[in-house]
Each structure stands twice: as C-alpha cells, then as structure tokens.
Peer 1: 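Please find one structure pasted underneath; my questions will follow.
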Amino acid sequence: MEEPNTTLVAVSVEAQGNNVSNIEIKNAVLPSKNAYGAESIQVMEGLSAVRKRPAMYIGSTGFRGLHHLVYEVVDNSIDEALAGFCTKIQVMINKDGTCTVIDNGRGIPVEVHSKYNISALQIVMTKLHAGGKFDSNTYKVSGGLHGVGVSVVNALSTFLVVEVKRDGKIYTQRYERGKEVSEVTVIGTSTENGTKVTFMPDKEIFETIEFSFETLSSRLRELAFLNKGLAISLNDERDGKEHVFKYDGGIVSFVEFLNKNKTPVNGVIYFEKDKIDDKLPEKNFSIQLAMQYNDSYQENIFSFANNINTIEGGTHLNGFKSALTRVINSYAKKNNILGETPISGEDAREGITAVISIKLSQPQFEGQTKTKLGNSDIKGVVESLVGDFLSSYFDENPKVAREVISKVVMAATAREAARKARELARRKGILSGGGLPGKLADCSNTDPAKCELFLVEGDSAGGSSRQGRNREFQAILPLKGKILNVEKARINKVVTNEEISIIISALGCNIGEEFDISKLRYHKIILMCDADVDGNHITTLELTFFYRYMKQLILGGNLFIAQPPLYRIKKGKTVHYVYSDEEKDKVIKELTASKEEKEDVSEDNNGVANTEENSEQENVADKKDENESNQETKKIGNIIVQRFKGLGEMNPDQLWETTMNPATRTLKQVRIEDAVEADAIFTILMGEEVEPRRKFIQENAKLVDELDV
Ligand code: 0RA
C-alpha cells in the first residue's frame, strides 16, 4: 500500500542575495566542441507514450513529478553551461501558474532538418529523445529521471511556448499538450543567444500544479553550488519573492554554507581533477571534493553524480570514504600520533562536512530511489585520486593534519569507551535474555518482513497498545518519554543512554559501521506518540536519532509515524474517528446537515466552521459526558465530540481500530526529500547554537508549529 509521506524538510533556511556580476564559468571537463547542427539530431518517437505513462518519464505525477518538469528544462540550460555557452539561468513562477525558464546558451537549433523537412526546434520539442545530445561525450544523465528531454515537459503541459534567440533573430513556436499549434515564426531580431521556455503543467496529469518556491529554491541553490560561477535566479511573481544564487567558490561555498551553524576545526580542503581522453570520451571523468571538520559529532557528506544528489551514496562515496580512512590511519601511524585504539572509518568522519561531486559519461543509477551510483570502476578511481591528494595535502599542511587527527583520535577513544560501557551494561543485565530488552513485548512471527515494532510514548499507552495489538506480527516497545537529544551528544553518551540502547537492541541491526540491515527484526518501525506538544517533541527526538544513526532505515522506507485520531464523533450509534480539525468540521457538518435542510451541505468549509462556532454555540455543552469521564467532551445537538488528549486515553480496542489495525489506520512514511535541508533543520533545531534556532523559529513559524521543538 502506498503510504502518505512525511517530508523531513520543507523550508529553505535563508535567502541568498548574491550579486550577479563577474560571471565566470569554469568548465571542468569540456566535451568536444563539435557544433551540433540540425542534421545531427536523431529523431525518435512521438509523445503519446509520455502522456499515457507520465510517471515512467518523470518519476511521479505528484508534487515531485511537477517540480521535475522545471528541473528538466533547467538541466538543459545547465548542459549549455557545462559546454561553456551559458552563464545565467532565470526561473520564474508566473502569476497565471506557468513557469518560465530563460538561459543565455546557444539556443535550440532552428534550421530545417533536410530529411524531415521540419525545424530542429519542432523536433526537439515534439519528439521523444530528439536532440543531438545523447552521445556519450557529454554528461547527460541517462536512465535517471533527469535528461529525458524537454519534449517530455511539452507533452505534460496544456501549453508551452518556446522562444529562441539565435543567428540574430528571435524565433517562437507554441504547442498544446505536446503538439505544435503554430509554425516556427520569426518575431524579431536580437544580437543575443538563448532559450526561453514557458509552460503550464497539465492538471489532467498532475495531482497538483502549484509550484513551491522553497522546493525550487533549494534545488536551484544546490545546482548553483555545483556549477561554480553560474548565476541562477528564482522569482515568484505571485508574491514578489526572489533568490539569486551564484557561488564563485562552488562546492567550497557549499561546505561553508553547510557548516554555517557549526564551529569549524580547519579551513575548507578542496581538490579537483579532470580526466579527459578525446579518444575515449566515454571514459571522461571529473571530480571535485571539498571538506571541513567541525566540532560536532555528526558526519555530513553529500555526494553528487552529474549534479544529481546521490542520497543513497554509491561507488564514488565509498571510494572517498576508503581513501579518507586509509590516509588518516597511515598519517597517524607515520607520525606516531595513533592512540591506543585503531581508527575506524566512522572515527575518521566524525564531525566532517564534505561535498563530493563527480561527472561521468555513463552513470548507472541504482537503489530504491535511483539515487545510488552503481558504476563499479568509479570506487577505485575516486579512492586513488582522493588518496593521492589527501596524503600530499596532509604532508604539506602538518598543522591541519594534526588538528584533524587529534579530533579523530578523540573520536576513536570515545567509541572504545562506548563499546566498553555497552559491554558492561549488557553484563549488568539491562538487556535481558537473547539480548532483547525486558520492556519489549515481542510478536510471535519471526519473519522480519511481516513484523512491525511500535515505539510508544509512555507506559500507559504502552499498556493499551500491548493489549490492543495483533501479537502475531506487532511488537510494542514503551519508552520513557523524551529520549536523549543525539544532536548534542557524542556516540558514547548516545549508546549508553538507556532508552536508545533499548531501541538499538530491539531492532537488532546495530548502528553506524556495524549496521547490518539483514539483522533488522522488524521491517516497519512505527513511532507512536501523543498528538500534542510533548508527543511532537518526542517524535522529533526519535527522528533525530534515526536520521543521525540509522539513516539507512529512513532511506529504505522502514520508518513510519502513526496517526492517532484527534477526535471521536458520535451520533446515535455511529462513531467517526477524525484525524484533523478540518476533518472534524467536515464530519460535524455532514452529521448536522443530514438532519437539517440539504442546502447546508453545499456550503464551503468556512461556512461550516462558522456554523459550529456561532449558530450551534448554544448547543455546546461543556460538561463531561458520563461515559467518557476522563476526556474533553463537547455536545453539539445530539452529536458528541470527544477530544483525545493522549494515546493513553484510548482503550485497547479504540487504539487498535484507529491507529494500529493495518486495514483502517493511516501511517506516514518518513522520507528525506532534501538532504541539505534535513541536515540544516536538525542542526538548527536540535543543536547547540541558540541564535540560529531563534531566527529559524521566527522565520518558519508554521513548520516549527508542526514539529514543536
Ligand atoms: C539541442 C541541441 C543543442 C542545444 C539544445 C538542444 C538546447 C536545449 C535547451 C533547452 C533549454 N535551453 C536549451 N538550450 C539548448 C545544441 C545547439 C547548437 O549546437 O548550437
């Protein structure tokens, strides 16, 4: 069953207001500059396939898919920048709901194709995979969601208008649902070059057609970091918001940005290398790496392949990690600064912030969300390039090397202390038979794929859920309120924290480098807290723990948040459980309408709220209903509305029916929509610094209201 998702992150942290000047694009790897003419464009098929199965081309027809349309057009402009022809990209969300992307690249070719006798522009816009850009000497992404071609955007738009400035003229053509409705027409002259695309996403295709400024903004900012010197602006004509991104420091600026609310230990270490072989263009490869340690305990590495955030990592990330561990160990050994304990990879990465961005000709994207780089030869290539660079960097910068290594040695010592403390705790019997915690009410099924673990707030709710559950496949672990804030603690404190060590033992898959998904005892882990301020805080603390120590479970789609109902609405013998205030108003309205005149039903939601607030006011009885003595109960006519203050107030049957029964419950799946934002939010909300948190809370009142930290 498809679960609704909880996005860890939905906001951008701060506006970036850089001036757009001194435009300089440094093209790391130049593809061979053979000019594309109209003739080199290969024609493939029409667009009907795209409208039939849109998700195949853009991933989904939801919020994500909608925004992919913009990224698809922007990717084409970025390709022009990579080829050295474009320095500026402007994105606009227009008042009428359309989106415009303008670049100053070469402009899509307009010449008439001799074989087909139509303009190349029309071919690019109306044929799938048409474009002279599918040869391997560019870094076009194949197989992934990007790079499907701008014609896909055309196919999924009610209308699209393109304008091309090229050869001293301005050309235009209009399309509707992917079909041309005008000729390519000259509408003026210009000395400039470039492409302007305006499109209206088709509401027959998409569940929503409303663009989000924040979502576009974070991706465009990321693209600006990854493409040094390229100016990317975003304007929201609906409310006048504007961001301009341009980073002459590229990923060095990216690392500085990521460490903005942290305390750095060293300057940013940067390295880039291109491997270009004109005879073997399919082996072309470039790498950029920027890294800086800070005094926190978190590892924060972002990896990209062809500008795509490889959230699931892959061979480039593994190559970097191996090189780092190896170089740090050998430097420490050579200089006699190795402590008693050997340095593990995790120690070497404690407090690191790094961005690794590679470009390659034929990327293979794998994994659940197609964000894991699979090219097997890349690990060795990255490992040897990074290894060579880092060892000479440390040799040439002994002061930095010592700072880094003394931090790493401290991490190793703390980890060793943590291991010993855990060992001791185990012997002292905090963890009972079979290594499972005594508080765990396990299920009888032993197939992890069928099993669920509920992490429940408090003993009282723990009790009702234990009684209410299906003990065949549902296990219950009651937790004592607030778990440790892992954002502020080093690993030794984290693993010796009682509640956390109980969670780790119950799950069975360990954390960090010892993490082993094959040992995971439950494939669904469900956080179940009260729907109030404390409950939200606990959920956030638990999310922080999973995000920092078991991110794999989030990436694997194993983590969920239960949705207990807020109200129980009863009229006569029928009972409704509702999960939000809007839903409550709606149900009350329906129940009221069914006894009154039908015309009430046609009122909108506001009307209903008013009805309840005003005209029904005299009917509201504040006295407690006899049967529901513990709960806040209101009477509206013959309708009884009962507010659940906590899970503990529900009896086991109610808890089963509303929150635990797979047939009737709603679960929210936790996903990482935007890794950069997710890190920033956890750092800001849960970390040491007070000022950024205050500022963030002011700027994002709504989100924080939901998180309530
Ligand atoms: C096909 C061939 C060439 C450029 C483009 C397409 C192109 C597409 C888009 C979409 C948005 N902006 C774009 N800019 C360029 C090569 C052009 C040449 O050889 O002159």
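When a ligand or atom number is given, it counts from 1 through the structure's own listing order. Below, all heavy atoms of this structure are taken into account, side chains as well, without hydrogens, waters or symmetry copies.
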Peer 1: If you count the atoms of ligand 1 from 1 in the order shown, which ones are under 4.0 Å from a heavy atom of I108?
Peer 2: 7 (C), 8 (C), 9 (C), 10 (C)
Peer 1: Please find the pair of heavy atoms, one from S286 and one from D274, that lie closest to each other, and give the distance.
Peer 2: CB-OD1, 3.4 Å
Peer 1: Let me know which of K551, K262, K260 forms a salt bridge (charged side-chain N to carboxylate O under 4.0 Å, His left out) with D679.
Peer 2: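 When salt bridge (charged side-chain N to carboxylate O under 4.0 Å, His left out) is applied between D679 and each of K551, K262, K260, only K262 qualifies.
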Peer 1: Side chains of T310 and S303 only: does a donor on one sit below 3.5 Å from an acceptor on the other?
Peer 2: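 Checked: T310/S303 side chains pair up, N/O donor to acceptor below 3.5 Å.
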Peer 1: Just going by heavy-atom distances, which of M125, E80, K196, R166 is nearest to atom 18 (C) of ligand 1?
Peer 2: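 Answer by nearest heavy atom: R166.
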Peer 1: Regarding Y171 and Q173, is there a side-chain donor-to-acceptor distance under 3.5 Å anywhere?
Peer 2: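 Side chains of Y171 and Q173: no pair found under 3.5 Å.
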Peer 1: Would you kindly specify which portion of T195 sits under 4.0 Å from ligand 1, judged on non-hydrogen atoms: side chain, backbone, both or neither?
Peer 2: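 Contact part for T195 vs ligand 1: side chain (C-beta onward).
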Peer 1: Any heavy atom of V150 sitting closer than 4.0 Å to ligand 1?
Peer 2: no
Peer 1: Report the part of V197 (side chain from C-beta onward, or backbone N, CA, C, O) that has a heavy atom under 4.0 Å from ligand 1; answer both or neither where that applies.
Peer 2: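 Answer for V197: neither.
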Peer 1: Any donor and acceptor pair, going by atom type alone, linking the side chain of E366 with main-chain N or O of K372 inside 3.5 Å?
Peer 2: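 Checking the backbone N and O of K372 against the side chain of E366, no donor-acceptor pair under 3.5 Å is found.
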Peer 1: With heavy atoms of N76 as the reference, note each atom of ligand 1 found under 4.0 Å away.
Peer 2: 9 (C), 10 (C), 11 (C)
Peer 1: Using every non-hydrogen atom in the two residues, find where L156 and F206 come nearest and quote the distance to one decimal.
Peer 2: O-CE1, 3.6 Å
Peer 1: What do we get for P109 next to ligand 1 when only non-hydrogen atoms under 4.0 Å count, side chain, backbone, both or neither?
Peer 2: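 Answer for P109: side chain.
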